[in-house]
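Down below is the structure, laid out as structure tokens.
Naming convention: chains lettered A, B, ... in sequence-line order (proteins, then strands); numbering from 1 in each chain.
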There are 2 protein chains.
Amino acid sequence: MARTTGSHSDITGPRVRAAALRLFAAGGYAAVSMRAIAAEVGVQAGALYNYTPDKQSLLFDLMQGHMTDLLAQTPSQSGRSPMQQLQDFVAFHIRFHADRPDEVFIAYMELRNLTEENFAVIEGLRRAYEDRLEAILRAGAATGEFAVADTKIVTLAIIAMLTGVNTWYRAGGRLSLDEVVAQYWDMVRKAVTA
Amino acid sequence: MARTTGSHSDITGPRVRAAALRLFAAGGYAAVSMRAIAAEVGVQAGALYNYTPDKQSLLFDLMQGHMTDLLAQTPSQSGRSPMQQLQDFVAFHIRFHADRPDEVFIAYMELRNLTEENFAVIEGLRRAYEDRLEAILRAGAATGEFAVADTKIVTLAIIAMLTGVNTWYRAGGRLSLDEVVAQYWDMVRKAVTA
DNA sequence: TTTGCTTTTGAACGCTTGTTCATTAAATTG
DNA sequence: CAATTTAATGAACAAGCGTTCAAAAGCAAA
């Protein structure tokens with residue numbers, strides 16, 4: 001009973017990635033079987049191999065897509081002051097991450113399940129993102145707008161703080177995203193100024 | 001009568017936990033087999049069951065032990081001002097976590113591999129730890145020392161920022177732990193004051 | 001040395017894993 | 001309608017999983 005209703009290849013591909021995303025985020029890469037992903041899509045396990053060469057590629061593609069989107073959408077308007085750029089960055093980071101909790105979760109939790117080569121690629125993208133923020137901090141330190149002793153540490157501290165939002169923020173909760181952004185911006189602004 | 005001095009059980013038990021800790025941190029709970037843990041100890045897989053009823057308990061005991069230690073050692077000197085207590089907390093958190101990278105990693109990454117009941121226990125301990133920090137922030141907000149609008153958010157932001165140290169700090173690196181503590185305390189202090 | 005308890009072995013259990021592939025059915029094309 | 005292409009099945013593979021347990025080995029006390 002192959003191919004039950006209609007031709008699905010252009011539909012099944014995205015559904016496979018969506019199912020893998022959801023299940024990897026919920027249970028972890030190692031704990032999710034190809035059969036579980038197939039069941040979520042509504043096909044047999046063998047059919048998945050029309051859409052991915054193997055399980056590892058499924059994970060890598062999800063992570064690479066996420067990091068690529070993140071970098072592509074990071075604001076970088078050189079016409080604005082370091083302070084304004086920092087504010088843009090904080091707002092962007094919180095909103096971008098709040099919109100994609102599953103992708104963010106995977107990108108942070110499943111690094112160790114990547115092969116060595118795949119890990120190097122993702123690590124490079126992550127570092128490129130950190131460099132965007134650090135460039136802003138260095139610019140602000142140069143103009144004296146910011147009082148930061150060690151831009152690398154401040155970069156990592158800010159990103160850790162902002163990404164932490166994802167562990168508790170839920171749409172429709174006590175606080176709106178606007179309020180969250182305002183609160184975090186207040187903390188970041190004070191932390192980087194004298 | 002009972003084999004007291006030559007017994008291996010008091011030696012093997014801790015070695016099993018140490019091996020599980022190291023391997024879980026390196027590869028993830030789901031990806032580490034009981035046979036791999038046994039091999040690390042130098043014993044056959046069956047022997048592990050003299051020391052743990054099952055794999056889940058091994059994970060839970062490690063996490064519970066870690067969280068219990070964390071709570072037990074958290075400073076709580078009511079004679080000090082909120083500002084001093086906050087400084088104590090920041091220094092303690094960074095040092096305690098830097099000392100136990102594997103335990104910290106597991107405690108944050110393997111929550112989803114706990115059974116429902118075990119998760120509830122660990123979650124309770126984590127929340128209790130957060131409450132310690134929030135109590136300090138509330139006390140400081142009450143006296144006017146701190147300018148924090150939402151103590152819950154600030155609590156989570158600070159903890160996320162401090163715990164982030166573990167993703168990059170390595171003993172013998174560019175910065176000493178004293179320097180790290182000083183830098184983070186500077187950021188936290190500025191973030192919570194006006 | 002013998003007795004008795006503790007600890008470990010090693011095989012076995014039923015089940016799941018990622019992946020392959022010949023087969024078959026549906027959709028598309030001529 | 002017939003021929004072809006595409007996509008899904010379902011069985012099979014070898015390997016590995018957590019866990020159990022009778023048997024063996026090791027050691028302490030008598």
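Between Gln56(B) atom CD and dT19(D) atom C1' the separation is 15 Å, expressed in whole Å. Across the protein-nucleic acid pair, Asn113(B) atom CG and dG18(D) atom C1' stand 15 Å apart, rounded to whole Å. Computed from coordinates, the Tyr49(A) OH to dC21(C) C1' distance equals 13 Å when rounded to whole Å.
A salt bridge does not link Glu103(B) to Arg17(B): none of the charged side-chain nitrogens sits closer than 4.0 Å to a carboxylate oxygen. In summary, Arg22(A) and Asp102(A) do not engage in a salt bridge, as defined by a charged side-chain N under 4.0 Å from a carboxylate O. Checked for salt-bridge contact, Asp186(B) and Lys190(B) meet the test: a charged N lies under 4.0 Å from a carboxylate O. Salt-bridge formation is detected for the pair Glu130(A)/Lys152(A): a Lys NZ or Arg NE/NH1/NH2 atom is positioned less than 4.0 Å from an Asp or Glu carboxylate oxygen. At a threshold of 4.0 Å, the pair Asp131(A)-Arg138(A) does not count as salt-bridged, since none of the basic side-chain nitrogens sits closer than that to a carboxylate oxygen.
Here Thr12(B) reaches the OP1 or OP2 of dT8(C): one of its side-chain N or O atoms lies under 4.0 Å away. Contact annotation: Tyr51(A) reaches the phosphate of dA8(D) (side-chain N/O to OP1 or OP2, under 4.0 Å).
Interface residues of residues 38-48 of chain A facing DNA chain D, ordered by number: Val43(A), Gln44(A), Gly46(A), Ala47(A); criterion, heavy-atom separation under 4.0 Å. Near DNA chain D, meaning a heavy atom under 4.0 Å away, the residues from residues 24-35 of chain B are Val32(B), Ser33(B), Met34(B), Arg35(B).
Centroid-to-centroid, the aromatic rings of His97(B) and Phe105(B) stay 6.0 Å apart or farther. Between Tyr184(B) and Tyr169(B), the distance from one ring center to the other does not fall under 6.0 angstrom.
Listed by chain and residue number, nothing satisfies the ring-ring contact (aromatic ring centres under 6.0 Å, His included) test with Phe119(A) (two or more places apart in sequence, or in another chain).
Of the listed nucleotides (dA8(D), dT8(C), dG18(C)), dA8(D) has the atom at the smallest distance from the side chain of Asn50(A).
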